[in-house]
Enquirer: 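Next up is a structure, given as structure tokens.
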Amino acid sequence: MAAQISPARRAVRWAILAGLTLFVSYTAAKALYSPWLVDDFPEDLAIKVELLPLVFPLHMITGGLALVLVPAAIAARRFPRWHRPLGRIAAADVAVAGLTAFPVALIEPVTTGSALGFSAQGTVWLLLLALGIANIRRGRPRAHRAAMLLMAATTSGAVFFRIYLALYAMIGGYRHYHLFYAADAWTAWSLPLLAMAIWLKRTGASPFDHR
Ligand code: HEM
């Protein structure tokens, strides 16, 4: 018999899901609009726009789209007619957002620590994407699912990065800002990735499952 969930727990679940959906949609919409807001960028980022006038806006737009396309492809997993085209578009988009992240991170870095953190995130993102594609091409749907959930967790780093920055501005002020920025560039994606890896292990799933 299926486990019963109390109405109160169900309401809490829906509230959390609605809050997350709202925040992710807001971040995605803001990212898509960012190429038209570059005049308001802080100096650290404005210089990158000047040096990478095509690559940086391309990263912002494909990054914003990734926040919509990756969850959409996962949500449509039980409907192959939708999942396949959405998955292909999301994969192409993540490839562009991931590849453009490297020059954006490494040219005139805000700090060396943040440039390395973003580069590590981009590398993990693209490796998980490649692993997910290789798994499904070899007919391993379980391993494909696990790789894509890990990739989605890495994607969520873009949202957590901004949440932590906003919290720091509210609570921490401006002291040690660069140190915080560098720590954020590492923890924003590695914590959700770790949480997802732990959850997958507990449920017996692995991106290296060869069955
Ligand atoms: C997951 C891999 C990603 C990496 C490695 C990455 C990397 C970067 C880097 C290095 C910067 C410049 C900031 C700096 O150098 O300090 C940047 C800026 C930006 N990224 Fe990404 N990014 C990723 C994903 C995303 C996603 C999913 C979005 C969607 C929101 C996004 C949207 C933006 C936007 C709008 C900016 C402009 C500045 C800002 O609003 O903070 N990126 N990204």
Side-chain angles (χ1 to χ4, degrees), residues 20-74 89-130 132 147-169 177-194 196:
L20 278 174
T21 307
L22 258 177
F23 199 81
V24 172
S25 311
Y26 171 78
T27 312
K30 194 150 180 242
L32 290 172
Y33 195 55
S34 286
W36 289 271
L37 295 175
V38 291
D39 289 341
D40 301 335
F41 272 19
E43 210 172 309
D44 282 345
L45 295 181
I47 189 162
K48 288 176 187 271
V49 182
E50 221 174 290
L51 295 171
L52 300 163
L54 291 178
V55 170
F56 198 1
L58 183 62
H59 171 76
M60 296 175 209
I61 291 172
T62 49
L65 285 174
L67 289 183
V68 180
L69 291 170
V70 171
I74 292 174
I89 297 168
D93 180 75
V94 167
V96 177
L99 289 172
T100 51
F102 292 99
V104 171
L106 298 169
I107 291 175
E108 286 292 324
V110 176
T111 71
T112 308
S114 60
L116 292 176
F118 290 130
S119 301
Q121 181 184 13
T123 306
V124 170
W125 212 28
L126 293 176
L127 284 177
L128 287 169
L129 174 68
M148 287 319 188
L149 287 174
L150 289 166
M151 191 198 77
T154 312
T155 314
S156 76
V159 179
F160 286 114
F161 180 76
R162 287 160 179 82
I163 293 179
Y164 299 153
L165 270 190
L167 288 176
Y168 188 74
Y177 177 75
H178 278 129
L179 184 64
F180 176 82
Y181 193 87
D184 195 2
W186 283 94
T187 47
W189 61 274
S190 53
L191 289 185
L193 179 63
L194 182 69
M196 180 61 80

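For ligands, and for the atoms within them, numbers begin at 1 and follow the listed sequence.
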Enquirer: For Gly122, counting its heavy atoms only, list the atoms of ligand 1 lying under 4.0 Å from any of them.
Expert: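 What qualifies from ligand 1 is 5 (C).
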Enquirer: So which bit of Ala105 gets within less than 4.0 Å of ligand 1, heavy atoms only: side chain, backbone, both or neither?
Expert: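 Both backbone and side chain of Ala105 come within 4.0 Å of ligand 1.
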Enquirer: Can you tell me the N, O or S atom of His59 that's nearest atom 21 (Fe) of ligand 1?
Expert: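 His59's closest N, O or S atom to atom 21 (Fe) of ligand 1 is named NE2.
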Enquirer: Give a yes or no on whether the backbone of Ala120 and the side-chain of Trp186 come within a donor-acceptor separation of less than 3.5 Å.
Expert: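 Between the backbone of Ala120 and the side chain of Trp186 there is no qualifying donor-acceptor contact (under 3.5 Å).
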Enquirer: What part of Val159 sits under 4.0 Å from ligand 1 if we count only heavy atoms: the side chain, the backbone, both or neither?
Expert: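 No part of Val159 is near ligand 1 at this cut-off.
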Enquirer: Where on Trp125 is there a heavy atom closer than 4.0 Å to ligand 1, on the side chain, on the backbone, on both, or on neither?
Expert: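 The part of Trp125 near ligand 1 is the side chain, not the backbone.
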Enquirer: Can you check which of Val110, Leu52, Val124, Val104 brings a heavy atom nearest to atom 12 (C) of ligand 1?
Expert: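 Nearest option to atom 12 (C) of ligand 1, by heavy atoms: Val104.
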Enquirer: Can you check which of Lys30, Lys48, Met151, Arg162 brings a heavy atom nearest to atom 36 (C) of ligand 1?
Expert: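 Selected option, by shortest heavy-atom distance: Arg162.
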Enquirer: Considering Ala185, Ala158, Ser34 one by one, which has a heavy atom nearer to atom 26 (C) of ligand 1 than any of the others?
Expert: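 Heavy atom nearest to atom 26 (C) of ligand 1 belongs to Ala158.
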Enquirer: Ignoring hydrogens, just give me the one of Phe102, Phe118, Trp189, Phe161 whose non-hydrogen atom is nearest atom 10 (C) of ligand 1.
Expert: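 That would be Phe118.
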Enquirer: Could you pull out, from Pro35, Ala31, Gly63, the option with a heavy atom nearest to atom 28 (C) of ligand 1?
Expert: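 Nearest heavy atom to atom 28 (C) of ligand 1 lies in Gly63.
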Enquirer: Hey, does the side chain of Gln121 reach the backbone of Thr154 with a donor-acceptor pair shorter than 3.5 angstrom?
Expert: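 Answer holds: yes.
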Enquirer: Backbone, side chain, both or neither: what part of Tyr181 comes under 4.0 angstrom of ligand 1, heavy atoms only?
Expert: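 Side chain only.
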Enquirer: From Thr111 OG1 over to Tyr177 OH, what is the distance, rounded to the nearest 0.5 angstrom?
Expert: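 Those atoms lie 10.0 Å apart.
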Enquirer: Are any of the heavy atoms in Gly64 under 4.0 Å away from ligand 1?
Expert: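 Heavy atoms of Gly64 do come under 4.0 Å of ligand 1.
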Enquirer: How close does the nearest protein non-hydrogen atom get to atom 18 (C) of ligand 1, and which residue and atom is it?
Expert: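 Nearest neighbour among protein heavy atoms for atom 18 (C) of ligand 1, to 0.1 Å: Phe56 CE1, 3.5 Å.
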Enquirer: Does the separation of the ring centres of Tyr164 and Tyr181 fall below 6.0 angstrom?
Expert: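 No, they do not, as the ring centres are separated by 6.0 Å or more.
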